[in-house]
K.L.:
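Here it is, the structure in full.
Throughout, residue positions are numbered sequentially from 1 according to the sequence presented. We count ligands from 1, going down the list as the structure has it; atoms in each ligand are counted the same way.
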Amino acid sequence: MSPTTSAPSRTVRIGSRKSQLALVQTHWVQEQLQKHFPQHTFEVHTMSTQGDIILDVALAKIGDKGLFTKELETGMINNETDFAVHSLKDLPTNLPEGLILGCVTERENPADALVVHSKHKDKQLDTLPEGSVIGTSSLRRLAQLRHHFPHFEFKDIRGNLNTRLAKLDEGGYDAIILAVAGLERLGMGDRIHQIIPAEISLHAVGQGALGIECRAGDTEIMEVIKALEHSETAQRCYAERAFLRELEGGCQVPIGVNTKIENGQLTLTGMVSSLDGKRFVKDSVSGAAETAEMLGIDLAHRLRQQGASAILEEIFVEVQRGS
Ligand SMILES: NCc1[nH]cc(CCC(=O)O)c1CC(=O)O
């Protein structure tokens, strides 16, 4: 690849979490940028985030946005790093003053995957026995699976991907739900037993894409990271993030999405569910891909009118009570 710019050489400092998945993702970004900008040196600075440290509390109860990103953001604000690589789904929709989402990379399959214990290797969601214990720590996965499979039991599971797979293999669960993208990136695609169709479970906002965050106004860095932007993924994710931003109100809620772009038309499907999966609203909007954010906001307003506001209010009260 030929150098994209003739800017003078400099050292670019990349902030990353330390988890295996985070490092695989960050090293991919580092390698790609090094090819585009051979005159620069790209260094990786790793940091632990609160989300890596607090492992024994259900994520839904922590409810804090930016659990996996805050320390990386402080690094950029204090000028200790120049940009940070995140799984886009872990990046809050509202960023701290002075930081922006500077690049969205090409998305992997954004779907969720069923990973089963070896004793169920001939089973899928439809055939797992009544009472099967399914591990997930995501309210979104929980609500949608409860809706379709009320005969399962659901149990929280935390830790990085390897920890979760070990907990499954040790027999603590009959099956667990993980993102296809994370398993693929770690070379563990062979553990995917079933890719869960969108009709059963809509994926998380931004799932499967990487988001690169940088200082607003740092045009030199913005120009560097833009080399990895995938415009179709970016438009889809801007629609998804606008939808989420318009709906969430200070706590985690079961919200799922699906997007596609065909002939320049972006279709966004979204759903909001109660925690028990009994009540949910789902709808779609389509329009020019360039109007991604407006489509997200439009769908959020439509769902609010169809009952999402009442569902969100009820969840807020339940979370405040600590149920
Ligand atoms: N919150 C955990 C998380 N953040 C990003 C991924 C990997 C998938 C992705 O990049 O979207 C995962 C694991 C999972 O959901 O199974």
K.L.:
Does any N or O in the side chain of His27 come within less than 3.5 Å of the main-chain N or O of Leu23, such that one atom is a donor and the other an acceptor?
P.N.:
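Side chain of His27 to backbone of Leu23, a donor-acceptor pair under 3.5 Å: yes, one is there.
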K.L.:
Which of the atoms of ligand 1 are close to Arg185, meaning less than 4.0 Å from one of its heavy atoms?
P.N.:
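Here the atoms of ligand 1 in question are 10 (O).
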K.L.:
Using side chain to side chain donor-acceptor pair (under 3.5 Å) as the criterion, list what pairs up with Ser309, not counting sequence neighbours.
P.N.:
Arg304
K.L.:
As an exercise, state the distance from CD of Gln25 to CD of Gln20, rounded to the nearest 0.5 Å.
P.N.:
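These two atoms lie 11.0 Å from each other.
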K.L.:
Looking at non-hydrogen atoms alone, which of Asp90, Leu161, Thr136 comes nearest to atom 1 (N) of ligand 1?
P.N.:
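The residue whose heavy atom sits nearest atom 1 (N) of ligand 1 is Asp90.
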K.L.:
For Leu88, which part has a heavy atom under 4.0 Å from ligand 1: side chain, backbone, both, or neither?
P.N.:
neither
K.L.:
Identify, by atom number and element, the atoms of ligand 1 in contact range of Gln207, meaning under 4.0 Å from any of its heavy atoms.
P.N.:
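Every atom of ligand 1 under 4.0 Å from some heavy atom of Gln207: 11 (O).
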K.L.:
I'd like to know if Ile177 contacts ligand 1, where contact means a heavy-atom distance under 4.0 Å to any ligand atom.
P.N.:
no
K.L.:
Can you sort out which atoms of ligand 1 are near Arg141, meaning under 4.0 Å from one of its heavy atoms?
P.N.:
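Checking each atom against Arg141, I get 14 (C), 15 (O), 16 (O).
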K.L.:
Indicate, with yes or no, if the rings of Tyr173 and His117 have centres closer together than 6.0 Å.
P.N.:
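Ring-ring flag for Tyr173/His117: false, centres at least 6.0 Å apart.
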K.L.:
What do you reckon, does Lys89 have a nitrogen or oxygen under 3.5 Å from a nitrogen or oxygen of ligand 1?
P.N.:
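Yes, at least one N or O pair falls under 3.5 Å.
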K.L.:
Evaluate Ala179 for polar contact with ligand 1, using N/O atom pairs at a separation under 3.5 Å.
P.N.:
yes
K.L.:
Considering only NZ, NE, NH1 and NH2 on the basic side and carboxylate oxygens on the acidic side, decide whether Asp276 and Arg146 come within less than 4.0 Å.
P.N.:
no
K.L.:
With heavy atoms of Gly208 as the reference, note each atom of ligand 1 found under 4.0 Å away.
P.N.:
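Within the 4.0 Å cut-off of Gly208, ligand 1 contributes 9 (C), 10 (O), 11 (O).
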K.L.:
Rounded to the nearest 0.5 Å, how far apart are CD1 of Ile195 and CG of Asn109?
P.N.:
5.0 Å
K.L.:
Is any NZ, NE, NH1 or NH2 atom of the basic residue among Lys226 and Glu223 found under 4.0 Å from an Asp or Glu carboxylate oxygen of the other?
P.N.:
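No.
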K.L.:
Give the atoms of ligand 1, by number and element, whose distance to some non-hydrogen atom of Leu178 is under 4.0 Å.
P.N.:
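The list of qualifying atoms is 16 (O).
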